[in-house]
Amino acid sequence: MTLPPAFLAPGSSSFAEFLAAHDPTLLPNGRDLPAGQVLGAPHGTTIVSVTYPGGVVMAGDRRATMGNVIAQRDIEKVFPADESSCVGIAGTAGLAVEMVRLFQVELEHYEKIEGASLSLDGKANRLSTLLRGNLGLAMQGLAVVPMFAGYDAETGTGRIFSYDVTGGRYEEHRHHGVGSGSIFSRGALKKLWREDLSATEAVTVAVESLYDAADDDSATGGPDLARGILPVVAMVDADGYRRLPESELDPLVRSVVQARQQRPDGPVAPLG
Amino acid sequence: MSMPFYVSPEQVIKDKADYARKGIARGRSVVVMQYAGGLLFVAENPSRALHKISEIYDRIAFAAVGKYNEFENLRVAGVRLADLRGYSYDRRDVTGRSLANAYAQTLGTIFTETQKPYEVEIVVAEVGDSPHEDQLYRLTFDGSVGDEHGFVAMGGQADQITTALADAWHDAMPLEEAVRLAVDQLAQTPAGNGGGEPRTLTPAQLEVAVLDRDRPRRKFRRITGGRLAELLGTEDDSDDAAGEPE
């Protein structure tokens, strides 16, 4: 096969732009849907992010729902975006997972073509552009709501970005949650977050807040110890992206669950 | 109106080939070789920004000599092809063989159908799980592909280096030995076509990278600055380097 001219054309270092020009059907939004239909596709639910000095933790529950049915109980919704950032997704699972795949290729493609990584803000903006292309589908009920977090080498801190369905990009400070259970998890995050959290404490805060989300939102799954299904927890710091292995996560989740058996509402935040 | 002279197809092809060969021989050489931990790439290249050696995909890298704008064009096309294939199928379905084929077809078409052939020679290298599965494809300006074993030298005084490597190269060389061998060979051949004494190449004049078999997923890694100086047993002088690739 001779390489088609599009491959040899000078220009963009964006993979998504190349796809749009060469083979738009491969884009997550590269299809037209008949108007007025709302599909019953699986939805992913709650993702939380917690910063700590020098990094950020992102965690997601494992449930996907389709109406009142649990579509999948061990879905993964937190992914590495590249070596120094991660992305979590809520909303229509099929489209969201495909968008994450495209986003991962987009970042790596840029890095290979340009010989340098995008800045953290540049990456956050690229995700915004990908999301904007999905607006038509979002209006038909297939919304994707990602959350992006990464380590910013310039400031030496972890940063969190949230998005709306139109592609609006907002930097969040300290902590944030998205998805159906996020109202409950955000409440928990507010009470548990402190400025001087260690990385392990930040993971505990994230797991506690997901527990609270699962407690009050039927679409969010709590830790399923019977099946050994734990939340996905990733952390990004100066050393890069790292997904917490089960060996580290399991004791931590168990102690949270055990504490809830003494006090189902979770730890008490001091007054004043 | 005057009639154009008749030029035989043989003559046209020969002229184009001579033209391309001259262009490629003007530059400096690149050496690609197997070592114990994977595949090693060494180029004489004073530029920090304009690379002759690049990552294409998880296990695949690209090395080139000749005209920068032409091989850069091919490199970008290769990254696009690999990323497209990996995105629409799976990462494991991206292979050096299919990339080498696409380059061969493309170079062949450019050579026969355009006035000016590409003045480039490239290597597509893929590191396997074991040394037997490593693949080295050498592609020339007219689209010919060669499946090489052990080592490849191209550009500049490539023949001289190939002869020397045939004696000195052996299986499973440690990284340090392999880097020194490659750099010694590049230093033996003076830049350009002129004669001259062997030189000493410093880290700032070299572009070195590996496809490291033991790394997870993305196996390509550049070796620069202090690490390179350490391998060569010299001082790191890479801060005061700048220039154009030749």
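This structure is a prediction, so every number in the text was calculated from the model and none was measured. Note that these values count all heavy atoms, side chains included, but never hydrogens, waters or copies made by symmetry. Sequence lines set the chain letters: A, B, ... in the order given, protein chains first and strands last, and positions in each chain run from 1.
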Who in residues 100-109 of chain B is close to chain A, using a strict under-4.5 Å heavy-atom cut-off? Asn101(B), Ala102(B), Tyr103(B), Gln105(B), Thr106(B), Thr109(B)

Cut-off 4.5 Å, heavy atoms of chain A, and the answer for Arg75(B) is side chain

Can you tell me which portion of Tyr57(B) sits under 4.5 Å from chain A's heavy atoms? Options are side chain, backbone, both or neither. both

Taking side chain as everything from C-beta outward and backbone as N, CA, C, O, which of these in Ala6(A) sits under 4.5 Å from a heavy atom of chain B? Side chain, backbone, both or neither. backbone

Given heavy-atom pairs under 4.5 angstrom as the criterion, report whether the side chain, backbone, both or neither of Leu19(A) touches chain B. side chain

Steps toward side-chain hydrogen bond (donor to acceptor under 3.5 Å, both in side chains) verdict (Asp82(A), Ser117(A)): CA-CA 9 Å; Asp82(A) 67 358; Ser117(A) 283; 5.0 Å; no

Does Thr114(B) reach the main-chain N or O of Pro117(B) with its side chain, forming a donor-acceptor pair under 3.5 Å? no

Counting heavy atoms not belonging to Glu154(A), are there more than 12 under 6.0 Å from its CD? no

Got a sec, which residues hit side-chain contact (heavy atoms from CB on, under 4.5 Å) with Arg227(B), two or more places apart in sequence or on another chain? Leu175(B), Ile223(B), Glu230(B), Leu231(B)

What about Phe79(A) and Phe103(A), are their ring centers closer than 6.0 Å? no

Using 30° and 60° as the class boundaries, would you call the ring planes of Phe62(B) and Phe71(B) parallel, tilted or perpendicular? tilted

Might you work through the ring-ring contact (aromatic ring centres under 6.0 Å, His included) test for Tyr110(A) and Phe15(A), ending with a clear yes or no? CA-CA 7 Å; Tyr110(A) 181 93; Phe15(A) 182 69; over 10 Å; no

For chain B, which of Ala9(A), Pro4(A), Gly115(A), Pro10(A) has the most heavy-atom pairs under 4.5 Å? Ala9(A)

Taking every non-hydrogen pair under 4.5 Å, which of Glu111(A), His22(A), Glu83(A) racks up the most with chain B? Glu111(A)

Do Lys67(B) and Tyr118(B) form a cation-pi contact, if we require the NZ or CZ to be under 6.0 Å from the six-membered ring centre and within 45 degrees of the ring's axis? no

Side chains of Val203(A) and Leu244(A) in contact at under 4.5 Å (non-hydrogen atoms): yes

